[in-house]
2 protein chains.
Amino acid sequence: MEERRVGSLRFRIDFSQPIYEQIVQQFQSSVVKGEIERGTKIPSVRELAQALHVTPNTVMHAYQEMERSGLTETRRGQGTFITSSQEQIEQLRSKLAAVAVREFLQKMNDLGYSGQAIFRLIQDEERDETP
Amino acid sequence: MEERRVGSLRFRIDFSQPIYEQIVQQFQSSVVKGEIERGTKIPSVRELAQALHVTPNTVMHAYQEMERSGLTETRRGQGTFITSSQEQIEQLRSKLAAVAVREFLQKMNDLGYSGQAIFRLIQDEERDETP
DNA sequence: GGAGTGTATCACATGTTATGATACACCCAT
DNA sequence: ATGGGTGTATCATAACATGTGATACACTCC
């Protein structure tokens, strides 16, 4: 699927994963990297749905997940906003990172890698990515 | 779900993931860690199905994935065997590890972590796991 | 030939994901 | 107060993945 724009946001959606998950991840990423300021109003359910060529229900699903995780605050009748709490954002970021690390180490362990061997693989990969 | 034994193998299956995926992963892990020798015959589709309280079709699905990935060789009428090629096993192990590393780094990057920060998180996590 | 293998193909059920449509509830500016 | 823009709830429908249960076939070895 091509890249879709809505306001200053850019979305790239494909079919390898649930669409609502991708929406959540792309907001998470943008917020955590500081590309969206805290407190910002994000597109309405209907607006984003139209921009992404997707049903409002799908966007709704994503927005509900984002509120549950504390990434956004929704004000009925007004819209959905990125949380204004820097602490909330940091907390979410740390939590997501911790989960990712834990799952990764578990997987590597299952494959029989540990300690230095893991670091070496990461360094190799980073060397490939950023030569 | 409790732990199930069949021969010298131990299986722990839950419902958080597709059953056939878990079967594949547990064979991968056992082989890669050397807990199953190469060339070994693994349980028949029906036998493992009975042991895990699962349909033969589900086990079949797992076994077909394992053959596609090169982990096993199936001989019709005889059974399914762990590949006897050490090289094949090493290759699979490296490939799975590379995929895991790549996905992990991508995820961490989306969260705004890179380089040393990632190493720090891993070390923290390992410290927690093995004090 | 029979027992034990893998393989193929049904029908069926369930849960997730997504669509499409409709209606309601709330807030704010006019 | 009314209207337009919000989020929310609910329905029917569909496609797909996963798993069950059953049956039949093909192959290998004793």
Side-chain angles (χ1 to χ4, degrees), chain A residues 1-2 4 6-7 9 11-27 36 39-84, chain B residues 1-2 4 6-7 9 11-27 36 39-84:
Chain A
M1 202 181 262
E2 326 87 62
R4 299 250 149 77
V6 40
L9 276 39
F11 287 87
R12 176 159 229 93
I13 304 290
D14 58 47
F15 297 98
S16 65
Q17 255 184 82
I19 295 175
Y20 74 91
E21 284 283 1
Q22 297 181 57
I23 294 174
V24 171
Q25 282 163 16
Q26 294 190 28
F27 273 112
I36 307 181
T40 307
K41 181 177 188 302
I42 64 177
S44 78
V45 170
R46 292 171 178 78
E47 186 185 358
L48 185 54
Q50 198 165 22
L52 300 184
H53 297 179
V54 142
T55 319
N57 285 9
T58 301
V59 176
M60 192 57 215
H61 194 165
Y63 278 22
Q64 283 175 336
E65 269 212 10
M66 292 197 287
E67 178 161 40
R68 270 198 305 105
S69 74
L71 181 66
T72 58
E73 294 163 0
T74 61
R75 300 175 210 153
R76 201 187 179 97
Q78 295 184 63
T80 303
F81 302 78
I82 302 300
T83 180
S84 52
Chain B
M1 200 182 264
E2 324 88 61
R4 299 251 148 78
V6 40
L9 276 38
F11 286 87
R12 178 159 228 94
I13 304 290
D14 58 48
F15 296 97
S16 65
Q17 254 184 86
I19 296 174
Y20 74 90
E21 282 284 359
Q22 296 181 58
I23 294 174
V24 170
Q25 281 163 16
Q26 293 190 28
F27 272 112
I36 307 180
T40 307
K41 182 176 189 301
I42 64 176
S44 76
V45 169
R46 291 171 179 80
E47 187 185 355
L48 186 55
Q50 197 165 23
L52 299 184
H53 298 178
V54 144
T55 320
N57 285 9
T58 301
V59 176
M60 191 60 215
H61 194 165
Y63 279 21
Q64 284 175 337
E65 270 212 8
M66 292 198 287
E67 179 163 39
R68 270 198 305 107
S69 75
L71 180 66
T72 57
E73 295 163 359
T74 61
R75 301 176 209 152
R76 201 187 177 95
Q78 295 181 62
T80 303
F81 302 79
I82 302 300
T83 180
S84 53

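Just so we're on the same page: letters track the sequence lines, and every chain starts at 1.
Note on A/Thr80: a side-chain N or O is less than 4.0 Å away from OP1 or OP2 of D/dG7.
Taking all atoms of both residues into account, the shortest heavy-atom contact from B/Asp14 to B/Gln22 is O-NE2, 2.8 Å. Across all their heavy atoms, A/Pro56 and A/Val45 have their closest contact at O-CG1, 3.4 Å. Contact between B/Val24 and B/Met66 at its shortest, heavy atoms only, is CG2-CG, 3.9 Å. In this structure, A/Arg12 and A/Gln26 approach most closely via the heavy-atom pair O-NE2, 2.6 Å.
Taking atom CG on B/Asn57 and atom P on D/dG21, their separation rounds to 11 Å, with Å as the unit. B/Met60 has its CE atom 16 Å from the P atom of D/dT20, to the nearest Å.
Nucleotides of DNA chain C with any atom under 4.0 Å from a heavy atom of chain B span, from 5' to 3', C/dG4 to C/dC10.
Shown here are the side-chain contact (heavy atoms from CB on, under 4.5 Å) partners of B/Gln50, two or more places apart in sequence or in another chain: there are none.
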Would you list the protein and nucleotides 28-30 of chain D atom pairs, both N or O, that sit under 3.5 Å from each other?
unit_1	atom_1	unit_2	atom_2	d
D/dC29	OP1	B/Gln78	NE2	3.4

- Sugar-phosphate atoms are those with a prime plus P, OP1 and OP2; base atoms are the rest. Using that split, label each nucleotide of nucleotides 13-19 of chain D B, S or - for protein heavy atoms under 4.0 Å, 5' to 3'. -----SS

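Between A/Tyr63 and A/Phe27, the ring planes lie perpendicular to each other; the angle is over 60°, past the 30° to 60° tilted range.
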- Message: Evaluate A/Thr58 against A/Leu52 for side chain to side chain contact (heavy atoms under 4.5 Å, CB included), listing each step before the verdict.
- Response: CA-CA 10 Å; A/Thr58 301; A/Leu52 300 184; over 6 Å; no

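Applying the side-chain hydrogen bond (donor to acceptor under 3.5 Å, both in side chains) rule to pairs touching residues 71-83 of chain B yields B/Glu67-B/Thr74, B/Glu73-B/Thr83, sequence neighbours excluded.
For DNA chain D, the neighbouring residues in residues 43-51 of chain A, judged by any heavy atom under 4.0 Å, are A/Ser44, A/Val45, A/Arg46.
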